[in-house]
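Working notes for the structure below.
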Amino acid sequence: MTDFQAIADRVELGALCAEFTDAGMMRDFDRLASLFDEDGIWRIPEAGIELVGRDGIRRGIERSRQLWEYFLQTVHPGSIHLDGDTATGRAYIVEFGRLRDGISHLSHSVYHDSYRRTADGWKFTERAYEMHYVDSTPLTGKASPALGEVMPGKLSD
């Protein structure tokens, strides 16, 4: 690949997907919503969820995260298909956690994404989540302290 713009676009789109996971893990709901175009859509069909627009996405993710005792997600790069100022792609997701009602969750999933280049860089126009594997076997581990707390004997600021 010798098209430097295509290389830059691919790097930026990969960073956008990583930023989504990071914002969710850090509970930075404003940053997560800002990764979507103004009228972006986030769909999770298996859960009957469709969040529309940055405000809807922000409110929806905040409500959703309140249901979890803990939640961890990792993202793995998938394909990217560029078409000028739009693109489509996939990102592979592994996540696990425990809901406050005690139900455990482990899944391997894929996001089917649509992107648009804006004045502020690439944004999601749509993220559609598709689960490929789900396991509700009880997780026996323990969550670390809440974000922002320093664990005794660990690195601090």
Side-chain angles (χ1 to χ4, degrees), residues 1-101 103-134 143-144 146-149 157:
M1 182 183 301
T2 58
D3 179 348
F4 292 113
Q5 184 60 56
I7 294 168
D9 289 341
R10 288 174 181 280
V11 169
E12 289 177 30
L13 288 166
L16 180 67
C17 293
E19 192 78 13
F20 177 90
T21 294
D22 186 67
M25 291 296 301
M26 296 296 106
R27 299 175 187 209
D28 188 343
F29 308 126
D30 290 330
R31 179 168 51 120
L32 189 143
S34 77
L35 302 174
F36 285 82
D37 204 13
E38 281 293 331
D39 56 352
I41 300 171
W42 184 13
R43 301 178 204 275
I44 306 174
E46 289 93 350
I49 296 172
E50 182 172 304
L51 305 173
V52 180
R54 288 181 182 160
D55 290 339
I57 291 166
R58 196 226 180 277
R59 285 190 312 272
I61 188 64
E62 186 171 22
R63 275 192 315 269
S64 172
R65 285 303 300 264
Q66 291 173 359
L67 300 173
W68 293 89
E69 177 185 338
Y70 62 90
F71 176 84
L72 302 162
Q73 181 183 82
T74 57
V75 63
H76 307 275
S79 66
I80 295 172
H81 302 281
L82 298 167
D83 187 14
D85 289 337
T86 63
T88 57
R90 285 185 295 275
Y92 296 91
I93 303 295
V94 176
E95 56 191 16
F96 70 94
R98 186 168 45 230
L99 292 158
R100 294 194 187 282
D101 65 7
I103 295 174
S104 294
H105 173 85
L106 166 67
S107 70
H108 294 260
S109 305
V110 62
Y111 269 117
H112 300 277
D113 295 327
S114 296
Y115 317 98
R116 180 180 303 134
R117 186 192 323 267
T118 72
D120 295 324
W122 286 98
K123 301 289 182 184
F124 295 108
T125 56
E126 182 176 353
R127 289 209 100 182
Y129 184 88
E130 177 186 14
M131 284 191 233
H132 286 227
Y133 172 83
V134 179
S144 64
L147 291 173
E149 294 180 15
D157 292 337

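All heavy atoms count here, side chains included; hydrogens, waters and symmetry mates do not.
The backbone N or O of Met131 lies less than 3.5 Å from a partner atom in the side chain of Glu46, making a donor-acceptor pair. Proximity of a side-chain donor or acceptor of Ser34 to a complementary backbone N or O of Arg31 within less than 3.5 Å is detected. With hydrogens and angles ignored, the 3.5 Å screen pairs no side-chain donor or acceptor of Arg90 with any backbone N or O of Val110. Although no hydrogens or angles enter the test, the distance criterion places a donor-acceptor pair under 3.5 Å between the side chain of Arg100 and the main chain of Gln66. Formation of a donor-acceptor pair under 3.5 Å by the Thr125 side chain with backbone atoms of Ser114 is found in this model.
The side-chain heavy atoms of Phe20 and Val75, taken from C-beta on, include no pair separated by under 4.5 Å. For the pair Leu13 and Leu82, the minimum side-chain heavy-atom distance is below 4.5 Å. Taking the side chain as every heavy atom from C-beta outward, Arg117 and Asp9 approach each other to under 4.5 Å. Arg127 places a side-chain heavy atom less than 4.5 Å from the side chain of Phe36.
Partners of Asp30 according to the side chain to side chain donor-acceptor pair (under 3.5 Å) rule, which considers only residues two or more places apart in sequence or in another chain, are Arg58.
The distance from atom CD1 of Ile44 to atom CD of Glu50, rounded to the nearest 0.5 Å, is 11.0 Å. Rounded to the nearest 0.5 angstrom, Ile103 CD1 and Asp101 CG are separated by 4.0 Å. A distance of 8.5 Å separates OG1 of Thr74 from CZ of Phe96, quoted to the nearest 0.5 Å. For the atom pair Leu51 CG and Ser64 OG, the distance stands at 8.5 Å (nearest 0.5 Å). Annotation: the span from Thr88 atom OG1 to Asp113 atom CG amounts to 9.0 Å, rounded to 0.5 Å. The CZ atom of Phe29 sits 8.0 Å away from the CG atom of Leu32 when rounded to the nearest 0.5 Å.
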Inset, instruction - Walk me through it: do Thr21 and Tyr111 pass the test side chain to side chain donor-acceptor pair (under 3.5 Å)? - result: CA-CA 12 Å; Thr21 294; Tyr111 269 117; over 6 Å; no

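Counting all heavy atoms, side chain and backbone alike, Met25 lies closest to Gln73 at SD-N, 3.2 Å. Contact between Gly84 and Trp122 at its shortest, heavy atoms only, is O-CH2, 3.8 Å. Taking both residues in full, the closest heavy atoms of Ile57 and Ala33 are given as CG2-CA, 4.3 Å, listed atom of the first, atom of the second, then distance. Taking every heavy atom of both residues into account, Ser107 and Tyr129 meet most closely at OG-OH, 3.2 Å.
Residue pairs meeting the ring-ring contact (aromatic ring centres under 6.0 Å, His included) criterion with at least one member in residues 65-84, sequence neighbours excluded, are Trp68-Phe71, Trp68-His105.
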